[in-house]
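Mind looking over this structure? Questions follow.
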Amino acid sequence: MNTSLEQKVVIYTDGACKGNPGPGGWGVYLRLGDVEKDLFGGELLTTNNRMELTAVIESLNALKRPCTVAIYMDSEYVRQGITQWIQGWKARGWKTAAKQPVKNIDLWMKLDDLVQNSEHSIQWHWVKGHAGDPGNERADELANKGVLKAQGLI
C-alpha cells in the first residue's frame, strides 16, 4: 500500500523584490511524480525576506495531506531560520541572540505553526540561486510573475 508519506513532494520556493522594500513576489513550483503545480502571488510594498518566507508558507498550505516533503530554496535566511535559529528565538520570547525582536515575526510564527502542527516529514535544502537549477529557475520566474501580479500588470 502506497501512503502519502511514501510519496515525495519536491518543492522549490523563491521570493523576488524590485527595491527592498518595494513590490515583491513569491513563487512555488511543486512536483509529485509527474504532477506539477505552479503558485505565485505578491504584495506592493514588501521585502525580499518576507517574500521568501511567504513562498514557503504558501507551499506548505497547498499540501492537502501528510507528505514527505523536500523543500529547495536559495534563501539561507529561511533555511537557517527554520532549522537552526527558531528554537532559540522561541526560547527567548521571539528575540534574537542580541535581544532584538525577530524581524518578520508574523511570518515566522505562521511557518513555525505550519511545521509544528503538520504531519509532514520535511527536509530543508539550500540551492545556489541563478545557477541553472531548473526547479530554482522556475520558482524564480514564478516569483517575478508574482511581482507583476502585485503591480496589476498581469
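Counting from 1, the numbers follow the sequence of the chain as shown.
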| query | NZ of Lys103 to CH2 of Trp108: how many Å apart, nearest 0.5 Å? | reply | 13.0 Å
| message | Is there a path of hydrophobic side-chain contacts, each under 4.5 Å between heavy atoms, that joins Val28 and Met51? | response | yes
| message | Rounded to the nearest 0.5 Å, what separates atom CE in Met109 from atom CG in Leu114? | response | 13.0 Å
| note | Residues passing the side-chain contact (heavy atoms from CB on, under 4.5 Å) test with Asp113, sequence neighbours excluded, are Asn117
| request: Kindly compute the distance separating CG (Leu60) from NE2 (His120), expressed to the nearest 0.5 Å. | output: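 One gets 6.0 Å once the value is rounded to the nearest 0.5 Å.
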| query | Is there a donor-acceptor contact under 3.5 Å linking the side chains of Lys18 and Asn144? | reply | yes
| Do Ile86 and Leu111 have side chains that get closer than 4.5 Å, going by heavy atoms? |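 Not in contact.
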| request: Please check if Val9 and Val78 belong to a single hydrophobic cluster, counting links between Ile, Leu, Val, Met, Phe, Trp and Tyr side chain heavy atoms closer than 4.5 Å. | output: yes
| Within one Ile-Leu-Val-Met-Phe-Trp-Tyr cluster: Leu107 and Leu39, side-chain cutoff 4.5 Å |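 Linked within one cluster.
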| query | Looking only at heavy atoms, which two atoms of Leu44 and Gln151 are closest? And how far apart? | reply | CD2-CA, 3.9 Å
| field | Side chains of Met73 and Val56 in contact at under 4.5 Å (non-hydrogen atoms) | value |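 In short, these two side chains touch, coming nearer than 4.5 Å.
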| said: Using the salt bridge (charged side-chain N to carboxylate O under 4.0 Å, His left out) criterion, which residues pair with Asp38? Sequence neighbours excluded. | reply: Arg138
| message | Can you give me the closest heavy-atom contact between Val127 and Tyr72, atom names plus distance? | response | CG1-CD2, 3.7 Å
| query | Is there side-chain contact between Ile154 and Lys145, with at least one heavy-atom pair below 4.5 Å? | reply | yes
| field | Side-chain heavy atoms of Asn48 within contact of Trp26, under 4.5 Å | value |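 Of all side-chain heavy-atom pairs linking Trp26 with Asn48, none is under 4.5 Å.
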| query | Is there a path of hydrophobic side-chain contacts, each under 4.5 Å between heavy atoms of I, L, V, M, F, W or Y residues, that connects Val10 with Ile71? | reply |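 No, Val10 and Ile71 fall in different hydrophobic clusters.
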| With side chains defined as the heavy atoms from C-beta onward, is the minimum distance between Arg65 and Glu119 less than 4.5 Å? | no
| request: Sort and list the pairs that fulfil salt bridge (charged side-chain N to carboxylate O under 4.0 Å, His left out) and have at least one residue in residues 75-88, not counting sequence neighbours. | output: Glu76-Arg79
| task | Output every pair passing side chain to side chain donor-acceptor pair (under 3.5 Å) with a member in residues 50-60, not counting sequence neighbours, ordered by first then second residue. | result |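 Applying side chain to side chain donor-acceptor pair (under 3.5 Å) to every pair that reaches into residues 50-60, excluding sequence neighbours, yields Arg50-Asn104, Arg50-Asp106.
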| query | Any side-chain heavy-atom pair from Pro21 and Thr46 closer than 4.5 angstrom? | reply | no
| said: According to ring pair (Phe, Tyr, Trp, His ring centres under 6.0 Å), who are the partners of Tyr29, at least two apart in sequence or on a separate chain? | reply: none
| task | Rounded to the nearest 0.5 Å, what's the gap from OG1 on Thr13 to CG on Leu142? Could you check? | result |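 Going from OG1 on Thr13 over to CG on Leu142, the span is 11.0 Å.
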| task | Taking the side chain as every heavy atom from C-beta outward, state whether Val69 and Trp124 have any atom pair closer than 4.5 Å. | result | no
| Can you check side chain to side chain contact (heavy atoms under 4.5 Å, CB included) on Leu53 and Tyr77, steps first, answer last? | CA-CA 9 Å; Leu53 278 162; Tyr77 169 71; 3.9 Å; yes
| Atom of Gly24, atom of Ala150 and distance for their closest heavy-atom approach |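 It is O-CB, 4.0 Å.
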| Of all pairs that satisfy side chain to side chain donor-acceptor pair (under 3.5 Å), the ones with a partner from residues 82-100, not counting sequence neighbours | Lys90-Asp112
| message | Would you compute the distance between atom CG of Asp140 and atom CG of Asp133 and round it to the nearest 0.5 angstrom? | response |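 So the CG of Asp140 and the CG of Asp133 are separated by 11.0 Å.
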| Quick one: CD1 on Ile11 to NZ on Lys37, what's the gap to the nearest 0.5 Å? | 11.0 Å
| query | Which heavy-atom pair separates Cys17 from Gly22 by the least distance, and what is that distance? | reply |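 Closest approach of Cys17 to Gly22, heavy atoms only: SG-O, 3.7 Å.
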